[in-house]
Every structure is written in structure tokens, then in C-alpha cells.
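Residue numbering restarts at 1 for every chain, and letters A, B, ... go by the order of the sequence lines.
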Protein chains: 4
Amino acid sequence: MAGSSYGTLFKISTFGESHGEAIGGVIDGVPANFQLDLAAIQNELNRRKPGQSELTTPRSEMDQVQFLSGIFEGKTTGTPIGFIIPNTNVKSADYDHLKNVFRPSHADFTYQNKYGHRDYRGGGRSSARETACRVVAGAIAKQLLQSIGIQFSTYVSQVGTIAMNNKAFYSPSEIEETPVRCPDKALAGQMIARIEEIKQLGDSIGGTVQCVIMGVPVGLGEPVFDKLHAELGKAMLSINAVKGFEIGSGFSSLGMIGSEHNDVFLANGQTKTNFSGGIQGGISNGMPIDFRVAFKPVATVMQTQETIDSSGNSVQLEGKGRHDACVLPRAVPIVEAMAAIVILDFYLRQKTTQL
Amino acid sequence: MAGSSYGTLFKISTFGESHGEAIGGVIDGVPANFQLDLAAIQNELNRRKPGQSELTTPRSEMDQVQFLSGIFEGKTTGTPIGFIIPNTNVKSADYDHLKNVFRPSHADFTYQNKYGHRDYRGGGRSSARETACRVVAGAIAKQLLQSIGIQFSTYVSQVGTIAMNNKAFYSPSEIEETPVRCPDKALAGQMIARIEEIKQLGDSIGGTVQCVIMGVPVGLGEPVFDKLHAELGKAMLSINAVKGFEIGSGFSSLGMIGSEHNDVFLANGQTKTNFSGGIQGGISNGMPIDFRVAFKPVATVMQTQETIDSSGNSVQLEGKGRHDACVLPRAVPIVEAMAAIVILDFYLRQKTTQL
Amino acid sequence: MAGSSYGTLFKISTFGESHGEAIGGVIDGVPANFQLDLAAIQNELNRRKPGQSELTTPRSEMDQVQFLSGIFEGKTTGTPIGFIIPNTNVKSADYDHLKNVFRPSHADFTYQNKYGHRDYRGGGRSSARETACRVVAGAIAKQLLQSIGIQFSTYVSQVGTIAMNNKAFYSPSEIEETPVRCPDKALAGQMIARIEEIKQLGDSIGGTVQCVIMGVPVGLGEPVFDKLHAELGKAMLSINAVKGFEIGSGFSSLGMIGSEHNDVFLANGQTKTNFSGGIQGGISNGMPIDFRVAFKPVATVMQTQETIDSSGNSVQLEGKGRHDACVLPRAVPIVEAMAAIVILDFYLRQKTTQL
Amino acid sequence: MAGSSYGTLFKISTFGESHGEAIGGVIDGVPANFQLDLAAIQNELNRRKPGQSELTTPRSEMDQVQFLSGIFEGKTTGTPIGFIIPNTNVKSADYDHLKNVFRPSHADFTYQNKYGHRDYRGGGRSSARETACRVVAGAIAKQLLQSIGIQFSTYVSQVGTIAMNNKAFYSPSEIEETPVRCPDKALAGQMIARIEEIKQLGDSIGGTVQCVIMGVPVGLGEPVFDKLHAELGKAMLSINAVKGFEIGSGFSSLGMIGSEHNDVFLANGQTKTNFSGGIQGGISNGMPIDFRVAFKPVATVMQTQETIDSSGNSVQLEGKGRHDACVLPRAVPIVEAMAAIVILDFYLRQKTTQL
């Protein structure tokens with residue numbers, strides 16, 4: 001109930017503050033007897049970690065995951081996988097000036113009022129640092145799904161107003177070619193330039209992450225409340241800085257009429273178009289699943305802002321500490337991780353619809 | 001797990017097919033000792049029911065709710081409220097021609113493949129008829145929330161490309177003034193004309209519903225996975241025909257930079273702007289909550305379409321039966337119901353954060 | 001959270017008060033495409049219903065279940081099965097004298113204090129009448145389990161101090177031979193005589209129900225918290241009037257030492273003895289599962305008792321209304337229903353332990 | 001679903017194998033802003049840890065808990081408390097001979113068949129070592145409950161056939177006076193002698209733990225499925241080696257008739273007797289809650305036993321490794337921990353029954 005668990009059959013429960021000793025979690029419901037590639041899990045963490053390129057915050061965390069249980073002789077045992085990621089590059093003194101100040105559009109004000117007590121260092125639990133735990137669980141889910149032919153293509157499709165037009169399935173190498181993780185090289189160059197410009201201003205900029213999933217069998221998703229795209233939406237909207245989600249045609253469907261928008265079936269059960277985004281009635285139809293996630297420009301800027309302290313006094317807040325001008329490149333593995341968690345969970349749920 | 005329940009503390013479990021005997025549900029976790037206005041619940045159902053105006057499908061269901069438990073001497077007992085809504089205007093023979101045919105962009109194909117057996121009459125469980133049960137639960141939630149000063153303003157803000165610019169809080173009477181439930185009278189006229197035009201074509205058109213919620217106390221929403229807007233997103237995306245969701249600035253935040261987008265605090269704890277949409281770090285900050293929901297043009301059109309049958313043969317599907325050219329006006333009470341369910345659930349969750 | 005749902009994958013949510021219009025429920029997670037025997041479900045209800053023999057309360061309810069959804073052309077669709085059981089023989093006036101009085105060892109006092117408002121007629125939600133809904137769900141579970149070779153033998157093994165010694169698997173016909181549902185005919189006679197005697201006194205008597213389950217595959221049950229016998233225990237203890245539960249050797253294990261109590265494996269994987277009751281480490285081992293459930297003498301007696309009213313005044317409570325001197329015979333189908341729900345739920349859960 | 005989580009609002013998710021690197025868990029839903037006594041938590045672990053007295057296994061684990069999150073400046077933040085307990089005294093080589101052998105009445109056979117792969121060292125996940133994590137969560141719950149006047153008295157009431165007659169509330173110092181944790185000193189002496197005797201034989205012996213809880217407010221527990229004693233029963237039956245549970249009069253109610261068994265109300269709302277064990281209709285009535293838990297003689301004995309290996313061959317299994325002749329003294333803090341978790345969870349649930 002308290003919000004730190006996700007999933008039903010494949011389930012993660014996480015803990016940890018940005019400047020505590022460690023973050024970590026418990027992954028329960030991992031199918032047994034599966035050979036895990038631990039290096040591949042660490043590699044996903046490396047794609048998320050700060051300091052990986054000039055484009056990201058210089059906080060230099062190793063983000064080294066330590067597995068404590070649930071894996072024996074390299075294979076999953078079916079029992080929970082416990083893990084921790086120590087916080088190493090903790091500069092809590094950097095945050096002393098924030099002890100009694102509410103940063104604009106951060107969670108300082110709401111946490112203080114919700115709980116009456118908060119760890120103000122680096123945002124505490126509200127820091128996007130917690131997403132590293134999602135990446136661990138997602139990397140495990142992705143390996144399991146890959147073994148049954150499900151593939152993910154997740155990339156930056158827009159930075160500010162610089163946007164790709166299509167939403168094709170790109171390979172990992174195409175995506176990783178540039179540090180901005182946009183597979184369109186020309187646009188990637190423009191995006192990088194724009195991010196550098198914003199960074200110089202001490203400001204921030206948003207964008208979208210596109211995710212395309214191939215090989216999802218027909219039948220995943222549940223009727224009514226737990227529709228596959230509803231759960232994907234929740235998963236994405238739970239990521240820090242996300243303000244919007246759309247599946248298939250999404251908001252652009254408003255410009256169409258029904259006879260244009262309907263996906264006509266072909267004899268092989270596939271559809272001629274895919275405005276449905278691979279999901280009909282909340283259930284996967286075997287076509288590629290595609291969705292987009294909108295990230296706002298993040299709240300931390302290196303500028304002086306007016307705000308209030310916990311006594312309601314107006315104060316000037318100077319921008320200091322570490323800063324990501326654009327989180328989109330680092331958001332890619334997070335979006336992919338959450339997508340993998342959702343798909344695996346529904347894959348397992350679908351196994352229970354027949355005796 | 002099977003998708004027909006929603007909520008954690010205030011929780012609804014629904015059942016029912018479009019052409020079965022009845023639809024209904026169980027609402028558990030209703031706070032005790034609360035005087036219910038049963039007529040107001042029925043009134044919400046009337047706002048959703050088919051045949052209420054020239055703009056909607058002519059299926060003429062009474063949608064009369066019958067409460068079976070959980071209410072004694074007009075007040076809630078704290079035990080589950082069971083209810084049914086009989087299906088009266090059932091013309092199952094209208095659907096015989098669909099027995100072995102998969103309608104484009106409906107759930108026929110996915111249900112058949114998910115379960116291996118389906119009630120094909122009127123879409124069975126995948127029919128939007130199930131949303132009547134949501135409206136019952138939502139109407140109860142709304143009454144409880146109103147008693148503690150939480151108010152909803154939900155309306156049609158866009159039909160096709162005809163769109164309102166602002167997202168103010170309008171009163172119920174302003175919204176109900178036109179059958180399209182758009183409080184901007186000039187635009188409402190254009191929307192109605194556009195819907196009539198589409199209806200003549202036997203086609204369909206989408207749009208957006210805007211929801212603004214006032215009076216939500218600071219502190220609702222849970223960290224990490226169960227952020228308030230993530231759950232609102234899931235709730236909305238679970239409604240039939242929804243393809244997108246955005247909170248606060250949403251997708252339009254992509255055109256802004258951080259220093260513009262940050263909501264600066266005023267001395268009273270409110271914020272100068274509200275790009276956050278009333279939620280920061282997943283937790284309500286006391287400002288109005290506002291979000292938008294995108295509905296695609298619905299799949300039922302009165303035109304001949306090519307499709308396949310269950311043996312994979314190409315067939316011509318003629319458009320017959322009853323048809324909503326634009327579901328947006330009827331979607332308004334559904335969006336509001338789901339919003340009320342979510343807010344009440346988080347309100348109760350928040351009560352448990354202190355001993 | 002509010003207690004009216006049970007199960008994880010195969011899940012029932014019930015509603016209804018003893019003297020409301022109807023009781024009923026929603027069963028979600030029913031495996032699809034299974035041909036149900038509706039008469040067999042009604043037959044289980046008949047085994048539970050009042051007035052079925054001289055031994056039980058004369059309240060004469062038909063307990064006729066009406067299915068409203070989830071079944072199409074006789075087969076499950078995988079979507080929720082909604083059902084109601086109308087309350088027909090409602091004599092609410094019989095309960096007027098109880099409006100402000102707390103019956104000893106009933107739930108009147110606790111419901112009033114928990115909720116601040118209660119339906120006092122016939123105990124409202126606390127009435128054992130709600131168990132009829134469990135029987136419906138259990139009867140469906142039992143049919144599904146029978147189709148994969150799992151069989152139940154549930155019977156009265158003790159009334160007062162009249163007790164069977166063994167705990168064998170008896171056939172349905174052996175159990176149903178006497179109205180007391182004890183398969184040992186000599187003891188059954190004694191039990192019936194004892195119940196008649198207690199009935200004449202206007203008093204009540206308890207006993208135990210024994211359940212033996214054959215054909216459960218190895219592997220059902222989850223480690224740590226959701227051990228199979230822990231969930232069976234909860235299921236049984238949730239039935240009205242139950243005060244104790246034991247699995248396998250149970251409390252009698254206290255008189256043994258480890259070397260006697262250990263179940264030695266045979267070459268075929270079975271065990272020589274079965275003190276474990278078919279469950280080791282919380283997981284079924286393929287041997288018969290056996291447990292016992294202790295029912296107290298129920299609280300309704302036809303005698304004058306001292307008690308208090310809602311203002312704290314001492315009052316004399318006369319025994320009137322309808323009365324079961326011994327609920328054990330009627331408890332048999334309830335215990336069996338809950339056992340079937342638990343086993344089916346774990347059966348489905350086990351399907352998700354492998355990819 | 002996979003069994004390693006417990007609780008609804010106050011919730012623990014645990015991980016860890018007996019001979020892995022560490023065990024640990026995540027506690028979510030901890031009420032915020034509460035000053036924790038960390039030494040008191042460690043003290044509960046010390047009461048459970050092996051090697052604490054001559055009566056217990058000599059495995060000498062420090063069982064030192066390390067908190068990683070959720071506590072800031074000594075107070076709970078309302079966010080999850082993550083913790084680990086390193087495994088230090090790991091002698092895995094001791095278990096090499098068990099790699100392919102199924103120990104009688106252990107979980108080796110069932111885990112192997114459930115998952116197809118298991119960590120055989122020291123029983124892996126099925127080891128009672130996991131209960132240390134329950135003790136951590138329970139110790140936190142106990143502190144919270146003590147602050148609102150709820151007190152626990154948990155002790156050994158029976159070893160083998162040596163049994164206390166009463167079930168009074170004893171103080172911690174009375175209980176801790178002897179290493180067997182039986183507050184009746186004369187019986188404690190007999191119990192210790194009996195355990196020493198059994199230990200010399202390389203055998204094991206069971207017993208019962210009694211728990212009495214004072215100060216529970218009226219109203220905790222939910223109707224129908226989540227009755228307070230049903231959940232207590234599940235919590236207890238989930239502890240390793242438990243075979244039975246009874247509340248209040250329990251199995252002894254079979255020797256009584258209703259008019260004797262009914263708890264007559266006094267003018268102050270208390271009852272003259274307490275056969276109900278403090279719970280009526282599944283809801284606490286303000287009287288002391290009392291229940292008993294039966295532990296079998298544990299399966300590890302220092303004797304040679306016949307069994308089978310994973311190929312089905314008969315083998316001789318020699319008793320070696322470390323051995324608890326009687327786990328009852330160490331079970332006391334585990335029973336108390338689970339009781340505290342259940343009571344706190346229902347305490348929080350009760351807060352949500354009113355708006």
C-alpha cells in the first residue's frame with residue numbers, strides 16, 4: 001500500500017534514499033532454474049548511471065549491484081532475489097542548505113507534509129536514484145523475455161522540440177551509437193547540441209522516450225482494469241519527471257476518424273496498420289507494442305530561484321550540486337526496465353487463464 | 001490478478017457481459033456510517049447511459065442500479081456494497097453475424113485468443129457497458145469526497161480537432177448545459193455539429209476529457225511506484241478507447257525549459273504556476289489536480305469493412321447494430337468516477353501513514 | 001483490505017447480510033473454457049442450506065444460486081462469474097428485540113464498535129449465511145480440481161467428545177449416508193443422539209471436521225509466509241465458530257519425539273508415515289493432505305442469558321428465533337469449499353514458477 | 001504471490017538463504033515520525049539467535065541487523081526500511097553430503113520438485129534462519145504498539161507433555177528468567193531437564209508457545225475472510241515446524257456446551273469469561289487476546305535415518321551438523337514478532353473504516 005512495491009506475480013519491492021547507505025530491493029516471483037547473465041544486468045545499470053557521458057550529471061556512482069540471494073550456481077532458485085547497490089559518492093554536506101528549504105517542483109514540500117519528517121539529503125526517497133533498483137529487476141525480466149523471443153527497442157525520440165517522425169524498431173547498437181540514445185544520427189547531433197546549450201545555461205530540457213516491443217504473444221493483458229497499456233501507463237508515469245503517456249496512435253488519434261483509425265485484419269491475423277499499438281481491448285494482439293513517454297524538463301537548475309522555507313519565509317535558492325540538463329538518455333534503460341517488468345508479469349498472469 | 005478489481009482500500013470488483021443477465025459489482029472498504037444519496041448515484045448513471053441524447057447510441061438501457069447490501073437505514077455499514085444493473089435492452093440476435101468474425105480494432109480477436117472461448121454478443125466483457133459499474137462506485141466515492149470538500153470538474157475539452165484552450169474549473173451546471181458536456185458554449189456548438197456530421201457518415205470521432213479536482217489535501221499519493229498521477233493514469237487508460245494521458249503540463253512540457261516550468265512557491269505554500277498539475281513527486285501539493293485523457297475514434301462504424309473470421313478467411317463486415325459516433329459526452333462521468341475512486345483510495349491510504 | 005475477498009489468482013469477493021435482499025459475489029480468475037456442472041454447484045449449496053434435516057435450524061432458505069456472468073454456453077469464459085443468492089425466508093421482525101442488545105459471544109458488540117453502525121437483523125454480515133457464497137466458489141473450484149484428479153473427503157470426525165480415531169479417505173456416499181455426515185455409522189448414531197439431546201436443552205455443541213485431500217501434485221504452496229497449510233489454516237479459521245486448526249499430526253505431535261515423527265521416504269518418493277499431513281516446508285509432497293478444524297458450540301442458544309444493551313445496561317436476553325444445536329453437519333461443505341479454493345489458487349500459482 | 005511478503009498496510013518482504021551472503025528484507029508502511037529504539041530491535045534478534053544458551057544449536061551467528069534506509073536521525077521517515085543480516089558462521093561444506101539427498105520431513109524434496117533447482121546448503125530458503133527477518137519487522141511493530149498501550153506476553157507453555165495449566169499474562173522478566181522461557185519456574189526446570197535428555201539422545205522434542213496480548217482496542221479485525229484470529233493463525237502456521245493453532249478455548253471448546261462457553265457481558269463491556277480469546281466475529285472485543293501454537297519435534301536429529309536420494313535410491317543419512325533439540329525457547333520471539341506484525345497491520349486497517 002505504501003507504494004514501494006510493483007508487480008503482481010513478478011514483483012519488486014525497493015528501498016533506499018539517495019544519500020543513505022545503500023538502495024536495494026527484493027524481487028519475488030522470478031521463474032526458477034534460469035541461467036542469469038549477471039554482467040548483462042550490470043551493463044543495464046551502467047546505461048543508467050550518472051557520469052557515463054558528458055551529457056549527464058557528474059555524480060560518479062559505481063552503481064555496482066550485489067546479489068544476496070535467490071541465485072545459486074548461476075541459476076535462479078525461484079526464491080526472492082535480494083540485492084543492494086551501495087551509495088558511494090555521497091556528498092550530503094552539499095545538501096545542508098536545503099534542510100529547511102522547499103525546492104520548486106521537487107518533492108520536498110509534499111514529503112514534508114505527507115510524513116512530517118524527511119531525509120532532505122539529495123531528495124531522499126524521492127530522488128531518481130531509486131530507479132537503479134527498477135533497472136536491476138527490469139534487466140532480469142528482459143533476459144527471461146529474450147529467452148522466449150521478446151525484444152525491446154527503446155530510445156530517445158524527442159529532446160525539446162527536436163523530434164523523430166517514425167517509431168521503428170531499432171537495434172541496441174543503433175541506439176547506443178550516440179550518447180543521447182537517439183538512433184537517428186542527424187537528429188542525435190542536434191539533440192546533443194541543444195542539451196549542451198541548455199547545460200551552459202544551467203537550465204534543463206525534456207523530451208520523449210519511445211519504446212517498441214516485438215514478439216509479444218497474443219493474449220497478454222487483462223480485461224477491464226488491468227489492461228496491458230493501462231499497466232504500462234502506470235509503470236511509466238511512476239518514473240520521475242514523467243508527465244504523459246500514449247499508446248499506439250495516442251493523442252494523434254484525435255485528428256483521425258474511426259474508419260481511418262481501425263486496424264484492418266490480414267489473413268494471417270496481423271493488421272494492416274497498427275494504430276492500436278499492439279493492444280486491443282487491453283490485450284496484446286501480436287503486433288509490435290509501441291508507446292511514448294513524455295519527460296518534463298527536470299526541476300534541478302543551476303540558477304537562483306525564489307522559494308519558501310519550512311516556516312513559510314521567502315528565500316533565495318541558489319543552484320548548486322550536481323545537475324542533469326537532460327535526463328532522457330539515462331531514462332532509456334529505466335523505461336525499458338519498467339516495460340520488461342510489466343510484460344513479464346502479464347506473461348506469467350496469462351499462464352493462469354487455463355487450468 | 002484477473003483484472004476485474006480496482007483499488008486497494010476502497011476497492012471495486014465488477015462482473016458482467018454486455019448481453020448477459022446483468023452487470024454488477026462489489027464495493028469493499030466503504031467508510032462506515034455515511035448517509036448516501038441514492039438518487040445522486042442514479043443520476044451519475046443517467047449521465048453515462050445510452051440514449052440520453054441525440055448524440056449517443058440509441059440502445060435504450062434503463063441502467064437502474066439495485067443495491068443488495070452494505071447500506072442499512074440509508075447509511076453505509078462498512079461492509080461491502082453489492083449491486084446489480086440488469087441488462088434489459090438486449091438484442092443478442094443482432095450479433096449473430098459476429099459469432100465467428102473479428103471486428104477491426106475491437107477485442108474479439110484478442111479475447112478469443114486469450115481465453116479460447118468468448119461471449120461474442122455485443123463484445124461481452126470487453127463492451128464499454130462495464131463502465132456503468134465504475135460509475136456506481138465512483139458516485140459513492142464522490143459523495144464521500146464532497147463531504148470533505150473535494151470537488152470535481154470534468155468535461156469534454158476537445159472533439160476531433162476542435163479544442164478548448166484553457167483548463168479551468170467549471171461548475172456542473174456549466175458542463176451539463178449542452179449534451180456534449182463542453183462548458184465553452186461556442187465550441188460546444190461546433191462539436192455537436194461535427195459529431196452530427198460524423199454520425200451521418202456512419203463514422204466515429206475521438207477527443208479529450210479534461211478533469212480538474214479542487215480541494216485535495218496535501219499528501220495524497222505514495223512514493224515511487226504508486227504516485228498519484230501514475231494511478232490516475234492507469235485508471236484512465238483502463239477506460240475503453242483511451243489512448244493517452246497527461247498530467248499538468250503533460251506533453252506540452254516538451255516545449256519548455258526547466259526554469260520556465262518550475263512552479264515557484266508563494267508564501268502560503270501555493271505555487272505561482274501549476275505545471276505540476278497539483279502533484280509533485282507523486283504526492284498532491286494542494287493545488288488543483290488537472291489531467292487530460294485522449295479517446296480514440298471508437299471502432300464501431302456503420303460502414304462495410306474487410307476483416308477475417310476465426311478460420312482466417314477474409315470476410316466483409318457490414319456495419320449494423322447501435323453506434324456511438326462520439327463517446328466523449330458519455331465518457332465524462334466515467335472519467336470522473338475513476339478519478340473519485342483513485343482520490344478516495346489515496347485519501348484512505350494517507351490515514352495510515354501515522355500511527 | 002476490508003476482508004471480503006479471498007484468494008490471489010482464483011479469487012472470490014462476497015457481499016451480503018443475513019436479512020438483506022440477497023447475498024452474492026464475484027469469482028475472478030476462473031480458468032477459461034471449462035464446462036461447468038451447474039447442478040453440482042446447487043447440490044453443494046443444498047448440503048449447506050438450513051432446514052435440510054432434523055438436525056439443523058428450521059430457517060428454510062432455498063439458497064438458489066443465480067449466475068449472472070462469466071459462463072457462456074455452459075462453459076467458463078475466463079471473465080468473472082457474478083452470482084446472487086436471494087434471501088427469501090427473511091423474518092426481520094424476529095430480530096427487533098436485538099436492535100440495541102449485544103448477544104453474548106456474537107459479533108454484535110464488536111461490529112457496533114468497529115463501524116458505529118450495523119445491520120442488527122440476524123447478525124447482518126456476521127451471520128454464517130455468508131458462507132453460502134464460499135460454497136458456490138468452492139464448488140466451482142472442486143469441479144476444476146476433480147478434472148485433474150484431485151479428490152476431497154470431508155466429514156464430521158467429532159461431536160462434543162464423541163470422536164473418530166482414524167482419518168481415512170471416505171467416499172461421498174459413505175459421508176452422506178447419515179445426516180450428521182460422519183462416515184462411521186456407529187459413532188454417527190451416537191452423535192445424532194447427542195445433538196438431539198442438546199437441541200432439547202436449547203443448547204449447542206461443537207466438534208471437528210476432518211478433511212483429507214488426495215491427488216494433490218507435489219509442489220503446491222509457497223515458501224515462508226504463504227505455506228500451503230498456513231493458508232489452509234487461515235481459510236478454515238475464517239469460517240464462523242472455528243477456534244482451532246491442525247495439520248497432519250497437529251497438537252498430537254507434542255507427545256512424540258523427532259525420530260518417531262519424521263516421515264521416512266520410500267523409493268517411490270512417498271513416505272512411510274504421514275505425520276507431515278502431506279505438506280513439508282509449506283509445500284505439498286504428494287501424500288494425502290489432512291487437517292482438522294475445531295468448531296466451538298455456537299453462541300445462539302434457546303435459553304435466557306444476561307447481557308448488556310448498547311447503553312451498557314444489564315438486560316435479560318431470551319432465546320428465540322431459529323437455532324442450530326450443532327453446525328457441524330452443515331460445516332462440512334463449507335470446509336470443503338474453502339479447501340478447494342485454497343488448493344486451486346495454489347495450483348494456479350504453481351504454474352507461474354517456471355517461465 | 002510467491003510467498004515472501006506478509007501484511008497489507010504494514011508489510012514485510014524478505015529474502016535470503018541460510019548459507020547465502022545475507023538475509024534481509026524491506027518493511028513498507030511503517031508509520032512516519034516514530035523514534036525507534038534500535039538496541040531493542042537487536043535485543044529481540046538476540047533472543048532468537050542460535051547459540052544463546054546450552055539449550056540451543058551451537059551455530060554461532062551474530063545476527064547483527066544493519067539498517068540501510070527509512071530511518072533518519074533516529075526516526076522513521078515513512079519510507080521503506082531496508083535491512084540485511086549477514087550470514088557469518090557459514091559452514092557450507094557441512095552440507096555437501098546433502099546435495100542429492102532428501103532429508104526426512106525437511107523441505108528438500110518439495111523444493112526440488114517445486115522449482116527444479118535448489119540451494120541445498122542448510123536448507124536454503126526453507127531454513128528457519130529466515131525468521132530472523134520476521135523478528136526485525138516484529139520488533140519495530142512491537143515498539144509502535146507499545147507506544148499506544150498494547151503489550152505482549154509470549155512464553156513456552158508446554159515442552160513435550162510437560163504443560164502449564166493457565167494462560168496468564170507474564171512480564172518479560174518472568175519469562176526471561178530461565179533459558180527455556182517458561183514463566184513457571186518449577187515446570188521450567190522439568191522442561192530443561194527433558195530437553196537435555198532429548199539432546200543427549202540426538203533427538204528432538206516439540207511443544208507449545210502461548211501468546212497473550214493486552215490493551216488491544218475494540219474493533220481490530222475484518223469481517224468474513226480476514227478475521228483477526230484467521231490472520232493470526234496464518235501468521236503462526238507460516239513459522240517453521242508449526243502444526244497447530246488455537247484461539248481462546250480452542251480445541252478444548254469441544255468439551256463444552258454453548259451455555260457454558262458463551263462469554264457473558266458485564267456492564268463495562270468486558271466479559272465475565274474469555275473463551276472467545278478476545279475476538280468475536282473476527283474482531284477484537286477489548287479482552288486479552290490469547291492463542292497457542294503447536295511446534296512439532298523438529299526434523300533434524302543426530303541419528304542415522306533411511307531416506308532416498310534425488311535418483312530415488314535408498315541411502316543412509318547420518319545425522320551431522322548443528323542441531324536444536326527443542327526450538328521452543330527460540331520460537332518465543334518469532335511468535336511474538338508475527339503477532340505484533342498482525343496486530344499493527346489491523347490497527348492501521350481499522351483507521352480506514354471511517355472517512
Peer 1: Suppose we screen for side-chain contact (heavy atoms from CB on, under 4.5 Å). Which residues come up paired with A/Ser314, at least two apart in sequence or across chains?
Peer 2: none

Peer 1: Among B/Gly160, B/Gly233, B/Gly282, B/Ala235, single out the residue with the greatest number of heavy-atom pairs under 4.5 Å to chain A.
Peer 2: B/Gly160

Peer 1: To the nearest 0.5 Å, what is the distance between NZ (B/Lys243) and CZ (A/Phe245)?
Peer 2: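 That separation rounds to 9.5 Å.
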
Peer 1: Counting C-beta onward and ignoring hydrogens, is there a side-chain heavy-atom pair between A/Leu254 and B/Gln158 closer than 4.5 Å?
Peer 2: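 In short, these two side chains touch, coming nearer than 4.5 Å.
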
Peer 1: Does B/Ser253 reach the side chain of A/Phe295, with side-chain heavy atoms less than 4.5 Å apart?
Peer 2: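 The answer is no, as the side chains (C-beta and beyond) never meet within the 4.5 Å cut-off.
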
Peer 1: Is it the side chain or the backbone of A/Met236 that comes within 4.5 Å of chain B heavy atoms, both, or neither?
Peer 2: neither

Peer 1: Of the listed residues (B/Gly207, B/Gly277, B/Ser126, B/Pro223), which shares the most heavy-atom pairs with chain A below a 4.5 Å separation?
Peer 2: B/Pro223

Peer 1: Let me confirm one number: the CD1-CZ distance from A/Ile341 to B/Phe225, rounded to the nearest 0.5 Å.
Peer 2: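 Nearest 0.5 Å value for the CD1-CZ distance: 6.5 Å.
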
Peer 1: Which one of A/Ser284, A/Ala299, A/Ser249, A/Ser252 has the most heavy-atom pairs closer than 4.5 Å to chain B?
Peer 2: A/Ala299

Peer 1: Heavy-atom pairs under 4.5 Å with chain A - which of B/Arg134, B/Met256, B/Met338, B/Glu130 has more of them than the others?
Peer 2: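 Result: the option with the highest number of such pairs is B/Arg134.
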
Peer 1: Pick one of side chain, backbone, both or neither for B/His106, based on which atoms fall under 4.5 Å of a heavy atom in chain A.
Peer 2: backbone

Peer 1: For A/Ser5, is it the side chain, the backbone, both, or neither that has a heavy atom closer than 4.5 Å to a heavy atom of chain B?
Peer 2: backbone

Peer 1: Measure the shortest side-chain to side-chain distance between B/Ser259 and A/Asp203 over non-hydrogen atoms and say whether it is less than 4.5 angstrom.
Peer 2: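 Sidechains of A/Asp203 and B/Ser259: in contact.
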
Peer 1: Is there any residue in residues 7-17 of chain A with a non-hydrogen atom under 4.5 Å from a non-hydrogen atom of chain B, and which ones are they?
Peer 2: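 Counting heavy atoms that sit under 4.5 Å from chain B, the residues of residues 7-17 of chain A involved are A/Thr8, A/Ile12, A/Thr14.
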
Peer 1: Please flag which part of B/Phe275 lies under 4.5 Å from any non-hydrogen atom of chain A: side chain, backbone, both or neither.
Peer 2: backbone

Peer 1: Heavy-atom pairs under 4.5 Å with chain A are the metric here; pick the option from B/Asp345, B/Thr307, B/Ile247 that has the most.
Peer 2: B/Ile247

Peer 1: Counting C-beta onward and ignoring hydrogens, is there a side-chain heavy-atom pair between B/Asn262 and A/Val301 closer than 4.5 Å?
Peer 2: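 Counting from C-beta outward, B/Asn262 and A/Val301 do come under 4.5 Å.
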
Peer 1: Could you tell me whether the side chain of A/Lys114 reaches within less than 4.5 Å of the side chain of B/Val218, counting heavy atoms only?
Peer 2: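 No, side chains not in contact.
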
Peer 1: What residues form a salt bridge (Lys or Arg N to Asp or Glu O under 4.0 Å) with B/Asp226, not counting sequence neighbours?
Peer 2: A/Lys234, B/Arg349

Peer 1: Report the option among A/Tyr6, A/Tyr111, A/Phe265 that has the most heavy-atom pairs separated by less than 4.5 Å from atoms of chain B.
Peer 2: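 Of the candidates given, the most pairs with chain B belong to A/Phe265.
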
Peer 1: Which region of A/Leu266, side chain (C-beta onward) or backbone (N, CA, C, O), has a non-hydrogen atom less than 4.5 Å from a non-hydrogen atom of chain B, or is it both or neither?
Peer 2: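 Interface part for A/Leu266: backbone (N, CA, C, O).
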
Peer 1: Of all heavy-atom pairs between A/Glu222 and B/Tyr115, which one has the smallest distance, and what is that distance?
Peer 2: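 Closest pair (atom of A/Glu222, atom of B/Tyr115, distance): OE1-OH, 4.1 Å.
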
Peer 1: For each of A/Gly123, A/Gly202, A/Ala325, A/Ala267, tally heavy-atom pairs with chain B at distances under 4.5 Å, and name the one with the top tally.
Peer 2: A/Ala267

Peer 1: Is it the side chain or the backbone of A/Val242 that comes within 4.5 Å of chain B heavy atoms, both, or neither?
Peer 2: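 For A/Val242, the contact with chain B is made by the backbone alone.
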
Peer 1: Shorter than 4.5 Å, heavy atoms on both sides: which option in A/Gly255, A/Ala2, A/Gly116, A/Gly286 has the most such pairs with chain B?
Peer 2: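 If we count pairs closer than 4.5 Å to chain B, A/Ala2 comes out on top.
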
Peer 1: Between OG1 of A/Thr353 and CE of B/Met1, what distance do you get to the nearest 0.5 Å?
Peer 2: 14.0 Å

Peer 1: Looking at A/Ala163, A/Gly206, A/Ser4, A/Pro217, which makes the most heavy-atom pairs under 4.5 Å with chain B?
Peer 2: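 That would be A/Ser4.
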
Peer 1: Got a second to check how far B/Leu201's CG is from A/Ile257's CD1, nearest 0.5 Å?
Peer 2: 6.5 Å

Peer 1: Heavy-atom pairs under 4.5 Å with chain B are the metric here; pick the option from A/Gly258, A/Ser276, A/Ala241, A/Gly221 that has the most.
Peer 2: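 It is A/Gly258.
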
Peer 1: How many angstroms lie between atom OG of A/Ser105 and atom NE2 of B/His261, to the nearest 0.5 angstrom?
Peer 2: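 Reported value, rounded in 0.5 Å steps: 7.0 Å.
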
Peer 1: Does a side-chain heavy-atom distance below 4.5 Å link B/Gln280 with A/Phe102?
Peer 2: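 A side-chain contact is absent here, since even the closest heavy-atom pair is not under 4.5 Å.
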
Peer 1: Quick check: do A/Asn240 and B/Lys227 have side-chain heavy atoms less than 4.5 Å from each other?
Peer 2: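 Touching, per the 4.5 Å side-chain cut-off.
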
Peer 1: Based on non-hydrogen pairs under 4.5 Å, which of B/Gly281, B/Gly219, B/Ala107, B/Ser238 is most in contact with chain A?
Peer 2: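 Highest number of pairs under 4.5 Å: B/Ser238.
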
Peer 1: Output every pair passing salt bridge (charged side-chain N to carboxylate O under 4.0 Å, His left out) with a member in residues 290-307 of chain B, not counting sequence neighbours, ordered by first then second residue.
Peer 2: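 For residues 290-307 of chain B: B/Lys167-B/Asp290, B/Glu246-B/Arg292, B/Asp290-B/Arg292.
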
Peer 1: Please flag which part of A/Phe346 lies under 4.5 Å from any non-hydrogen atom of chain B: side chain, backbone, both or neither.
Peer 2: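 A/Phe346 has no heavy atom closer than 4.5 Å to chain B.
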
Peer 1: Identify the heavy atoms of A/Thr110 and B/Ile283 that sit nearest to each other, and give their distance.
Peer 2: CG2-O, 3.4 Å

Peer 1: Side-chain contact, heavy-atom cut-off 4.5 Å: B/Val224 with A/Arg125?
Peer 2: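 B/Val224 reaches A/Arg125 side chain to side chain.
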
Peer 1: If you tally heavy-atom pairs under 4.5 Å against chain A, which of B/Arg103, B/Gln350, B/Gln305 wins?
Peer 2: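 Top count of heavy-atom pairs under 4.5 Å with chain A: B/Gln350.
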
Peer 1: Out of curiosity, B/Asn268 CG to A/Ile308 CD1, how far, rounded to the nearest 0.5 Å?
Peer 2: 7.5 Å

